[in-house]
Protein chains: 2
Amino acid sequence: MGTQKKTTIKDIANVLGLTPSAVSKALNNHPRISEKTKVSVQQVAKNLNYQPNHLASALRKGKSNLVGVIIPRANSNFFSAVLQSIEDVLHEKGYNIIISQSYESFEKECRYIDALLFTQVDGIIASMANETTDFSYYEKIKSKGIPLILFDRGENALGVDYIGIDDYKSSHLIVDHLVSQGCKRIAHIAGFSHTRIYKNRIKGYEDALEKHDLPLDDALVYECKLTKQNGREIMEQLLEQPNRPDAVYVAGDYAALGALQVLKEKNISIPDEIAIVGFGNEPFTSLVTPSITTIEQHSTEIGRLTAEAFLRRIEEAAIPPTLNKMILEPELIVRDSSDKK
Amino acid sequence: MGTQKKTTIKDIANVLGLTPSAVSKALNNHPRISEKTKVSVQQVAKNLNYQPNHLASALRKGKSNLVGVIIPRANSNFFSAVLQSIEDVLHEKGYNIIISQSYESFEKECRYIDALLFTQVDGIIASMANETTDFSYYEKIKSKGIPLILFDRGENALGVDYIGIDDYKSSHLIVDHLVSQGCKRIAHIAGFSHTRIYKNRIKGYEDALEKHDLPLDDALVYECKLTKQNGREIMEQLLEQPNRPDAVYVAGDYAALGALQVLKEKNISIPDEIAIVGFGNEPFTSLVTPSITTIEQHSTEIGRLTAEAFLRRIEEAAIPPTLNKMILEPELIVRDSSDKK
DNA sequence: TATATTTGTTCCAACGTTTGAACAAAAGTA
DNA sequence: TACTTTTGTTCAAACGTTGGAACAAATATA
């Protein structure tokens with residue numbers, strides 16, 4: 001009991017008095033195999049409880065049907081939704097997915113890239129860790145000649161496919177909205193500007209302020225890792241300034257929550273004294289009081305497009321080596337934290 | 001450019017005038033290979049940018065070093081924490097992990113089990129979907145002779161290793177606490193009783209009521225999928241009853257949140273009129289107002305133990321075929337939703 | 001010096017599947 | 001009837017690695 005020997009294609013062949021190659025062809029629906037043989041092979045395969053050995057066929061075909069996905073963490077509404085969407089599309093096409101969470105660590109990311117390459121994945125889909133500024137490991141993927149697709153956290157410099165939302169425009173949506181609510185002094189708790197998406201959000205914020213003839217004040221912009229704790233600390237610093245902001249655009253929902261909590265603790269009215277806008281539409285933004293205005297990133301769509309980009313690269317081999325960049329439209333979801341009614 | 005041929009062990013052999021098997025042995029640190037040869041093999045391997053072909057060695061060795069993990073969803077604090085912990089332990093030992101999310105669907109779960117078996121994983125770690133009542137697919141794993149480890153959502157009947165917390169005791173902790181707050185009519189929004197963990201929570205709830213000489217009232221117990229929406233709907237039904245409860249023990253945090261929202265909308269004071277207790281310690285339970293009393297499940301510990309159980313099964317082959325059940329102590333985290341001060 | 005042991009390597013078969021070439025038999029065309 | 005085409009199958013090699021058996025050379029033991 002337990003470890004009975006696994007049935008192979010050879011066992012089926014023996015039962016039917018065929019060769020293994022005939023059985024293989026029958027199972028793969030080869031046109032030269034007779035209908036009769038195919039049927040009996042199927043039959044025997046089922047009887048013997050045959051499971052094809054993926055390793056052997058992957059080795060022979062030079063294709064593992066495994067795709068590596070590297071994300072900062074699965075425990076985030078955005079990433080898990082993208083993941084689900086990628087899974088749906090790729091499982092459909094017979095791919096299995098190896099998920100690795102970098103937890104924003106560059107070192108882990110590198111190790112996982114090595115592990116995935118070692119496992120002979122057919123391609124890698126990734127959203128970079130915040131820490132990552134050195135792309136040599138990603139170059140390694142490219143140099144192996146296997147498809148690399150980036151989403152959300154990407155880097156154009158690599159010249160690979162990228163799917164994300166328009167961060168620059170998101171900032172405009174937010175600033176426009178805050179100005180329409182009568183805000184005049186808008187602070188920005190930003191992500192680190194070495195990451196493209198955060199740089200774009202900062203640029204969008206600055207340009208939007210300029211558009212509305214509002215002055216740019218360096219004292220109102222802070223770069224951080226966008227944790228809840230960062231949000232708390234920076235909000236406290238903002239409150240100590242002689243000339244307080246009347247709105248804070250926070251480039252991440254967790255940090256926005258931290259900022260919100262500080263204001264609540266100090267009994268500063270939201271949004272009347274200070275309005276808050278977050279980014280990412282994490283589920284809790286609609287659950288807290290007041291609910292937080294934020295940006296929806298169309299995660300399902302991003303996942304689908306990412307998976308499709310991968311499939312295109314696989315199928316079309318090395319046909320279009322040009323960078324394929326897809327940028328989705330952001331959507332502003334106005335909630336209580338910025339809606340003065 | 002791009003798809004240059006991959007270097008194999010053979011290429012290294014050619015460069016050094018050795019045989020492939022000597023190179024293989026050198027790379028695997030075989031005792032019979034001279035130090036000198038090992039060094040030069042390493043050297044050439046590095047120069048040629050050699051990556052061992054995992055597929056080939058897995059095929060030859062009959063071991064893929066891949067472990068399948070099936071969870072209801074990654075987008076949950078509990079599961080993602082368990083996952084991280086499993087990853088940490090197994091990556092350390094050279095395993096890669098294939099994660100599949102069942103989204104509580106029995107059908108998906110079955111498909112993923114097949115896909116994982118097909119991929120020749122060395123073992124499967126799973127937490128069952130709520131829907132799952134038919135275990136034949138899990139029997140299939142057992143019959144293949146590969147290790148199966150269950151956590152949180154498991155089933156003893158399968159006779160496989162199981163790691164979880166003491167649900168029965170959790171209910172006692174909760175009821176004891178509510179009684180100490182003066183609650184006398186405690187409702188229970190439960191999970192489906194065909195799932196072992198929810199059955200145990202229900203049993204614990206009933207026994208704890210009895211312990212405190214409180215009457216059991218069937219009208220106060222509802223089974224559901226424990227979504228936020230379920231929580232809302234059942235809370236509304238509870239409020240319509242002539243004899244309202246003064247506390248609700250909800251077997252999941254999301255449903256607890258739904259219940260909480262209904263009470264807030266109807267301006268029913270929490271915890272004075274009705275106290276709420278959830279289950280799982282999801283991050284949002286500390287973020288909402290009022291914060292929600294809940295049960296911490298020691299996810300990191302569960303993950304570690306689960307991974308270690310897997311390793312034990314792999315290493316000790318078929319040595320101890322007995323069921324190995326590990327039950328951790330739950331921890332009650334008292335917050336505003338039940339703390340009458 | 002003859003024999004036994006150790007050391008370093010090669011040889012070969014295997015893991016399970018796939019695939020193109022080869023081949024015989026059947027069917028179609030002249 | 002002779003020849004081409006089609007159909008169904010077998011043959012053999014390959015994918016890259018591994019590991020036991022075999023073997024020769026070097027070293028140790030008697």
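So you know, we letter chains A, B, ... as the sequences are listed, proteins then strands, and number each from 1. Since the structure is predicted, the reported quantities are computational estimates derived from the model, not experimental observations.
Geometrically, B/Arg111 does not engage B/Phe106 in a cation-pi contact, judged by NZ or CZ lying under 6.0 Å from the ring centre and within 45° of the ring axis. A/Arg153 forms no cation-pi arrangement with A/Tyr162, by the criterion of a distance under 6.0 Å to the ring centre and an angle within 45° of the ring axis.
Across the protein-nucleic acid pair, A/Gln120 atom CD and D/dG16 atom P stand 9 Å apart, rounded to whole Å. Here D/dA25 presents its C1' atom at 13 Å from CZ of B/Arg32, a figure rounded to the nearest Å. We find that NE2 of A/His30 is positioned 12 Å from P of C/dA21, with the value rounded to whole Å. Rounded to whole angstrom, the span from the CD1 atom of A/Ile33 across to the P atom of D/dT7 amounts to 13 Å. We find that NZ of B/Lys10 is positioned 15 Å from C1' of C/dT10, with the value rounded to whole Å. Rounded to whole Å, the distance from NZ on B/Lys61 to P on D/dG19 is 6 Å. Between B/His54 atom NE2 and D/dT17 atom C1' there is a gap of 12 Å when expressed in whole angstrom units. Summarising the geometry, the separation between CG on B/Asn28 and P on D/dG16 is reported as 17 Å, rounded to the nearest angstrom.
Evaluation of atom-type donor-acceptor distances gives a pair under 3.5 Å for the side chain of A/Lys25 against the base of C/dG20.
Between A/Thr19 and D/dT10 there is a side-chain polar atom (N or O) within less than 4.0 angstrom of OP1 or OP2.
Within residues 34-49 of chain B, no residue has a heavy atom under 4.0 Å from DNA chain D.
Both B/Ala22 and B/Leu59 lie close to DNA chain D; mapped to their nearest nucleotides by heavy-atom distance, the more 5′-ward contact belongs to B/Leu59.
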Checklist line | Verdict with supporting geometry, B/Asp114 and B/Lys140, salt bridge (Lys or Arg N to Asp or Glu O under 4.0 Å) | finding: CA-CA 9 Å; B/Asp114 274 341; B/Lys140 205 164 154 182; 2.7 Å; yes
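Between A/Asp161 and A/Arg313 there is a salt bridge, with a side-chain nitrogen of the basic residue lying less than 4.0 Å from a carboxylate oxygen of the acidic one.
Looking at heavy-atom distances under 4.0 Å, A/Ser21 makes contact with a base. B/Leu18 comes within 4.0 angstrom of sugar-phosphate atoms only, judged by non-hydrogen atoms across all strands, and of no base. Across all strands shown, A/Ser24 has heavy atoms under 4.0 Å from base atoms, whether or not it also approaches the sugar-phosphate. Nucleic acid contact for A/Thr8: sugar-phosphate only, since backbone atoms but no base atoms lie under 4.0 Å from a heavy atom of the residue.
The side-chain heavy atoms of B/Leu59 and B/Leu55, taken from C-beta on, include no pair separated by under 4.5 Å.
Side chain of A/Asp122 to backbone of A/Asn65: a donor-acceptor contact under 3.5 angstrom is found.
The aromatic rings of B/His91 and A/Tyr112 are tilted relative to each other, their planes meeting at an angle between 30° and 60°.
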